[in-house]
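Remarks on the structure that follows.
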Amino acid sequence: MAKVLVVGGAGYIGSHVVLELLDKGHEVVVFDNLSTGQKVNLFDKAEFVQGDILDVRALENVMSRNFDVVIHMAALKAVGESMAKPEIYATGNITGGVNILNAMVKFNVKNIVFSSSAAVYGMPKYLPVDEKHEKEPINFYGYTKSFFEDLMDWYHNLKAINFISLRYFNAVGYDALGRVKGKEKNPQNLLPIIIEAATGKRNGFEIYGNDYDTEDGTCERDYIHVSDLASAHEKAVCYLMTEKKSHVLNLGTGQAVSVRQMVEATEKVIGRPLKYAYAPRRPGDPAKLVATSSLARQVLGWTPKYTNIKDIIQTTWNMEK
Ligand code: UFG
């Protein structure tokens with residue numbers, strides 16, 4: 001069992017990771033500024049410390065408590081916003097990240113698991129994308145993730161900090177047992193937008209582009225259930241406790257699901273048709289982005305449990321009911 005500091009543990013993915021760690025018997029402290037994280041996402045069994053990664057004193061205070069592993073999930077994540085306001089992303093994602101690494105050095109914490117993203121790859125040159133694919137982010141958000149990975153590599157070599165960087169593909173779904181109570185606020189991603197249209201919170205939605213070189217003309221992505229992401233983090237923690245090696249690992253299912261398939265599957269789950277229109281392509285969208293996660297399977301012994309997109313959508317729909 002490990003003593004784990006989860007930075008950003010009250011957020012959408014963070015709260016699922018905390019649940020999984022508690023389920024597996026780890027000791028968990030959550031550090032979160034509650035900017036997007038929510039109090040309802042905190043669990044009694046995990047201690048909560050409210051604080052910001054830009055507040056070095058608060059960060060060092062919590063870091064001084066002999067952790068085995070830090071999971072760093074505190075970041076800004078809106079791709080469009082990162083292009084309009086890079087300075088906020090540089091401060092939050094890069095300066096904040098540096099503060100975490102430096103606090104780890106100061107208090108001799110030797111292991112970190114990092115929330116990275118498929119956004120580090122940019123436009124895929126081949127599919128499925130593996131970890132050897134070159135990093136060429138096309139948005140500033142992706143650049144901040146790529147930059148922090150490089151930084152961890154340097155700290156690994158210079159300061160003996162071991163890291164596992166987990167490159168998420170498209171995170172979707174909610175805890176199937178309904179234990180995570182906080183629905184994401186102002187969601188920017190496809191499935192939550194479809195669900196908002198289904199509940200009448202928005203008047204329909206748009207499909208960005210139906211003339212891509214894909215089977216049905218709409219973009220294909222690799223949707224991975226958030227509880228499967230969470231189990232990979234728990235396995236990464238256990239790995240770092242014994243192996244003391246660093247890795248960069250993709251997390252996806254390897255299955256391509258198109259925007260239309262996503263819409264049709266949601267219609268089946270909710271039992272009625274949805275209102276949508278086709279709109280022009282969204283700039284910067286690759287036609288298809290699918291992972292191979294064989295390295296994560298091999299290194300961590302991880303397998304995603306959710307392989308059926310309808311089951312994944314059902315867990316999101318249940319949040320509404
Ligand atoms: N889409 C629509 N209509 C919408 C919203 C999205 O058609 O209203 C389409 C997009 O064009 C895209 C697909 O649905 O083809 C998925 O879009 P998302 O915005 O949900 O996700 P992205 O694949 O663009 O981005 C996600 C994360 C990023 C991360 C990236 C890495 O949101 O943080 O995956 O691949 F960087």
Side-chain angles (χ1 to χ4, degrees), residues 8 11-13 36 73 75-83 89 92-93 114-124 127-129 131 133 135-149 165-173 184 186-198 201-226 229 250-266 274-293 309 312-313 316:
Y12 165 56
I13 300 175
T36 55
M73 320 189 73
L76 300 164
K77 60 159 197 169
V79 171
E81 187 187 49
S82 77
M83 298 298 272
Y89 280 70
N93 294 7
F114 175 60
S115 304
S116 189
S117 167
V120 300
Y121 296 119
M123 286 295 185
L127 291 165
V129 175
E131 293 83 355
H133 189 289
K135 295 205 286 179
E136 232 178 285
I138 56 164
N139 52 64
F140 193 71
Y141 163 77
Y143 173 72
T144 66
K145 293 292 179 183
S146 172
F147 182 94
F148 192 75
E149 285 189 345
S165 187
L166 299 174
R167 293 179 178 163
Y168 312 157
F169 280 64
N170 290 61
V172 280
E184 242 196 322
N186 305 317
Q188 312 273 331
N189 295 106
L190 177 65
L191 182 58
I193 286 174
I194 296 175
I195 296 288
E196 284 193 351
K201 196 170 172 204
R202 63 170 77 218
N203 186 21
F205 62 93
E206 291 180 327
I207 292 181
Y208 301 139
N210 61 350
D211 57 351
Y212 283 99
D213 185 18
T214 56
E215 231 154 88
D216 65 21
T218 65
C219 287
E220 293 178 1
R221 292 288 180 275
D222 186 334
Y223 294 94
I224 171 96
H225 194 279
V226 66
L229 290 181
N250 283 345
L251 295 181
T253 64
Q255 229 182 310
V257 175
S258 75
V259 177
R260 263 203 41 199
Q261 285 174 326
M262 199 71 166
V263 174
E264 283 163 10
T266 310
L274 289 165
K275 190 175 150 196
Y276 61 89
Y278 289 105
R281 294 180 178 197
R282 188 173 68 174
D285 268 346
K288 190 166 175 174
L289 188 60
V290 189
T292 172
S293 306
I309 196 68
I312 293 179
I313 295 167
T316 303

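Atoms within each ligand, like the ligands themselves, are counted from 1 in listed order.
Remark: side-chain polar atoms of N139 are not paired, donor with acceptor, to backbone N or O of A119 under 3.5 angstrom. A donor-acceptor pair under 3.5 Å is formed between the side chain of E131 and the backbone N or O of N250. S293 places a side-chain N or O within donor-acceptor distance of the main-chain N or O of G252, the cut-off being under 3.5 Å.
For the ligand labelled ligand 1, residue Y223 lies inside the 4.0 Å heavy-atom shell. The shell of residues lying under 4.0 angstrom from ligand 1, judged by heavy atoms, excludes Y121.
Scanning the protein for heavy atoms near atom 3 (N) of ligand 1, the closest one is E206 O, 2.7 Å. Looking only at heavy atoms of the protein, atom 15 (O) of ligand 1 is closest to C219 CB, 3.0 Å. If you check which protein heavy atom lies closest to atom 33 (O) of ligand 1, you get Y141 CE2, 3.7 Å. Looking at atom 28 (C) of ligand 1, its nearest protein heavy atom turns out to be V79 CG2, 4.1 Å. If you check which protein heavy atom lies closest to atom 11 (O) of ligand 1, you get D285 OD2, 2.5 Å. The nearest protein atom to atom 25 (O) of ligand 1, hydrogens excluded, is given as N170 ND2, 4.0 Å; this is a heavy-atom distance. The protein heavy-atom contact nearest to atom 9 (C) of ligand 1 is V259 CG2, 3.8 Å.
The proximity of L190 to ligand 1, defined as any non-hydrogen pair under 4.0 Å, involves the side chain as well as the backbone. Contacts between L289 and ligand 1 below 4.0 angstrom, taking non-hydrogen atoms only, involve the side chain exclusively. The parts of Y208 lying near ligand 1 are both backbone and side chain, judged by heavy-atom distances below 4.0 Å. At a heavy-atom cutoff of 4.0 Å, ligand 1 is contacted by both the backbone and the side chain of N189.
In this structure, F114 and F148 have tilted ring planes: the angle between them lies in the 30° to 60° band. Aromatic ring orientation, F169 versus Y121: tilted (interplanar angle from 30° to 60°).
Looking at R282, M262, K288, it is R282 that brings a heavy atom closest to atom 19 (O) of ligand 1. Among S117, A287, P283, the residue whose heavy atom lies nearest to atom 30 (C) of ligand 1 is S117.
Taking the side chain as every heavy atom from C-beta outward, Q261 and I309 never approach each other to under 4.5 Å.
The shortest heavy-atom contact between Y278 and R260 is OH-CD, 2.8 Å.
The side-chain contact (heavy atoms from CB on, under 4.5 Å) search around P128 returns T292, not counting sequence neighbours. Taking the salt bridge (Lys or Arg N to Asp or Glu O under 4.0 Å) definition, one finds that K135 meets it with E149, D150, sequence neighbours left out.
The contact set between ligand 1 and I207, taken as ligand atoms under 4.0 Å from a residue heavy atom, comprises 7 (O). In the vicinity of I193, heavy-atom distances shorter than 4.0 Å reach the ligand 1 atoms 8 (O).
Atom CG in D285 sits 11.0 Å away from atom OG1 in T218 (nearest 0.5 Å).
Ion pairing between R281 and D211 holds under the 4.0 Å rule for side-chain N and carboxylate O.
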